[in-house]
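What follows is a set of notes on a single structure, which appears directly below.
By convention in this document, chain letters (A, B, ...) are assigned in the order of the sequence lines, proteins followed by strands, and residues within each chain are numbered from 1.
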Amino acid sequence: MSDNHPINVRGLNHWFGTGEARKQAIFDVDLTVARGSLTVLMGPSGSGKTTVLTLMGCLRDVQDGSICLLGHELMGAGNALNEALRRRLGFIFQAHNLHGSLTAMQNVQMGLQVHGLNDPEAERQAARHALSLVGLADRMDYLPGNLSGGQKQRVAVARALVGNPDIVFADEPTAALDKESGLNVVAMLKKLGEQRGTTTVMVTHDNRILELADRIVTLEDGQIVSDTSPVRD
Amino acid sequence: MSRLLQWLFGRLPIGWLQLTHSRARFAAAIAGVAFANVLVFVQLGIMNSMATATLKPYEFFTADIMISASDANSMTEGGNVARQWLFQAQADPEVTLGTGIFVGNTSWPRPTKTLGLTSFGIDPTLPDFLSPVLKPKLATLQLKDSAILDMATRGLPRDEAAAIRPQTPASFEVTGKTVTLYDTFQGGGGFGGDGYMIMSDQTFLSLFPARRSAAPDHILLKVTPGADPDAVAGRLRELISDKSLRIRSYAQAKAEDLKYQQTKRPTGIIFGFGVIIGVLVGIVIVYQVLSTDVADHLSEYATFKAMGYPQKFFLGIVFEEALILAVFGFIPGVLVGTGLLFGMKKATNLPLAMTWEMAVIVLIGTLVACSLSGAIATRRLAAADPADLF
């Protein structure tokens with residue numbers, strides 16, 4: 001089951017706050033994501049899509065229900081398991097979160113060093129390749145402060161993908177990109193799904209991407225209200 | 001530097017890259033650590049100088065046991081000791097020789113400044129109690145009203161000190177008596193006086209008419225070769241009926257004097273506090289730098305946490321920064337500290353100097369203090385929550 005469905009969510013509930021301020025954000029969510037697919041989470045602000053994404057990405061503790069990620073149950077998982085699983089994931093944040101003191105190439109290298117390869121030359125080569133794929137071969141030695149918003153986002157994409165993750169979690173990855181660059185990034189994720197079986201779960205409001213999605217899940221008020229697969233010609 | 005550190009750590013030297021990214025802040029941080037280092041070096045230098053100056057008079061003599069009055073916390077202060085205890089001490093089969101030494105302060109009025117000289121009166125017929133350096137000058141002291149002078153006396157011009165020789169002696173008056181200086185020796189001004197003067201006990205008693213030959217300031221004893229001075233001192237404490245006397249081996253007397261100066265005297269305590277304050281200033285400065293740095297990079301650290309980097313990776317970055325600051329701050333600190341101590345020595349003629357021991361202790365202390373600051377600063381890492389990134 002986990003080989004073909006790396007993400008398996010069952011009866012997921014989540015609350016924020018404590019005492020009288022405690023508020024439920026996620027209500028009984030069930031979601032199974034197929035390997036190599038591109039799943040888009042949609043919904044209005046506050047609908048719970050980012051919360052679901054962070055729970056599936058081992059960035060928050062599961063309070064109630066079950067998430068089986070890459071064959072491992074996240075309910076009650078300790079730090080060590082969470083860290084080990086995160087090393088098999090790629091994250092693309094809306095804010096690129098690049099390290100301002102590191103060059104584009106060094107930022108991408110950080111996506112590899114977490115695996116402890118300890119081979120600087122191989123890391124540099126892989127980072128160079130990843131940056132070339134996002135069209136930044138000529139900006140490798142630039143610090144983020146000298147890159148445009150779109151270029152920074154592409155570096156963040158290269159950093160997320162350079163370690164060949166099993167799953168990519170992306171939050172509005174195309175927000176800072178122009179139409180062409182945005183579509184290129186999503187097409188790249190789609191291609192990775194087809195070639196390597198990389199699964200992508202993406203939160204977005206960008207309708208341009210929907211045509212590339214294998215599945216569109218819409219949340220409202222913490223519940224899944226629709227789950228569709230676009231029909232393509 | 002980056003490549004060297006990458007080779008050392010086996011990863012990108014993020015701490016180094018972060019620090020050097022903001023050069024102005026890096027320079028300020030280094031200046032802060034260097035400043036703390038300089039504070040510590042100056043205080044340690046003064047403390048060391050106090051230790052050197054305290055022990056200096058002990059170098060003039062050689063003895064195995066010293067008997068002093070109960071209030072004699074150092075060689076240059078305290079009450080008298082009755083000479084009868086010298087004779088009684090010699091009843092011990094392992095005590096071979098004894099002598100009394102007299103200590104007093106004399107003034108040498110000079111055109112620009114009156115020099116304060118700590119003066120010792122000794123028996124010039126007993127060379128065994130004088131250091132090998134002073135022993136050859138003993139014959140000079142047998143002359144009436146003669147003395148030898150510390151050539152490093154503060155306020156005495158070098159050329160004038162060098163001119164004092166048996167052929168060209170210098171004289172001055174003390175309480176109406178003329179003292180003639182026939183020779184010099186190497187001493188050095190301390191915190192209590194500008195320099196030292198050594199004369200015979202008879203000359204001393206003529207300069208200090210209130211003093212009596214039956215009551216020297218200290219009694220020095222020699223024991224038979226191979227005898228344990230501490231064991232003999234223990235026996236003498238039993239033998240001598242005045243239980244208020246301090247009867248110690250010469251080595252123990254030196255150690256206790258030094259401890260007294262450093263821990264009981266206000267000057268020692270103040271300089272000791274100065275060292276502690278320097279260390280605290282260093283810790284606060286480095287903590288401030290590191291904790292600001294951590295706070296400035298929280299979102300990057302949270303990103304690394306999301307990527308699966310373990311806690312020890314972040315601790316490694318903070319400690320890397322702490323150690324870089326320690327080493328880079330120490331280098332200017334030791335240079336400025338050396339210069340300051342040299343300048344202070346020139347101005348005061350105190351035995352102030354940078355020593356290897358001081359430099360190594362301060363370097364180790366800086367590394368420890370910076371690591372401690374780093375350890376405190378790492379608490380802020382807990383605020384880096386990767387869930388906040390979305």
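- The number of heavy atoms from other shown groups lying within 6.0 Å of CZ (F273(B)) does not exceed 12.
- A side-chain contact (heavy atoms from CB on, under 4.5 Å) with S101(A) is found for exactly one of T20(B), L17(B), L12(B), L19(B), namely L17(B).
- Using a 4.5 Å cut-off between heavy atoms, L85(A) does not touch chain B at all.
- More than 12 heavy-atom neighbours from other residues, nucleotides or ligands sit within 6.0 angstrom of NE2 on H205(A).
- Contacts between R159(A) and chain B at a heavy-atom distance below 4.5 Å involve the side chain alone, from C-beta outward.
- Rounded to the nearest 0.5 angstrom, E300(B) CD and L98(A) CG are separated by 8.5 Å.
- For L102(A), the part lying under 4.5 angstrom from a heavy atom of chain B is the side chain only.
- Note on E83(A), H115(A), Q113(A): by heavy-atom pairs under 4.5 Å with chain B, the leading option is Q113(A).
- Here the straight-line distance linking atom NZ of K305(B) with atom CG of N82(A) works out to 12.0 Å at 0.5 Å rounding.
- Nearest heavy atoms, T303(B) versus F93(A): CG2-CE1, 3.6 Å.
- Remark: N164(A) CG is packed, more than 12 non-hydrogen atoms of other residues, nucleotides or ligands lying under 6.0 Å away.
- To the nearest 0.5 Å, atom CE of residue M307(B) and atom CG of residue L112(A) are 8.5 Å apart.
- Open room surrounds CZ on F342(B); 12 or fewer heavy atoms of other groups in view lie less than 6.0 Å from it.
- A 4.5 Å side-chain heavy-atom check between R87(A) and P310(B) finds at least one atom pair inside the cut-off.
- Heavy-atom neighbours of F27(A) CZ from other residues, nucleotides or ligands within 6.0 Å: above the threshold of 12.
- Residue R379(B) places its CZ atom among 12 or fewer non-hydrogen atoms of other residues, nucleotides or ligands, all under 6.0 Å distant.
- Other residues, nucleotides and ligands contribute at most 12 non-hydrogen atoms within 6.0 Å of the CG atom of D221(A).
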I14(B)/M110(A) under side-chain contact (heavy atoms from CB on, under 4.5 Å): CA gap, chis, key distance, verdict | CA-CA 10 Å; I14(B) 294 172; M110(A) 291 306 295; 3.3 Å; yes
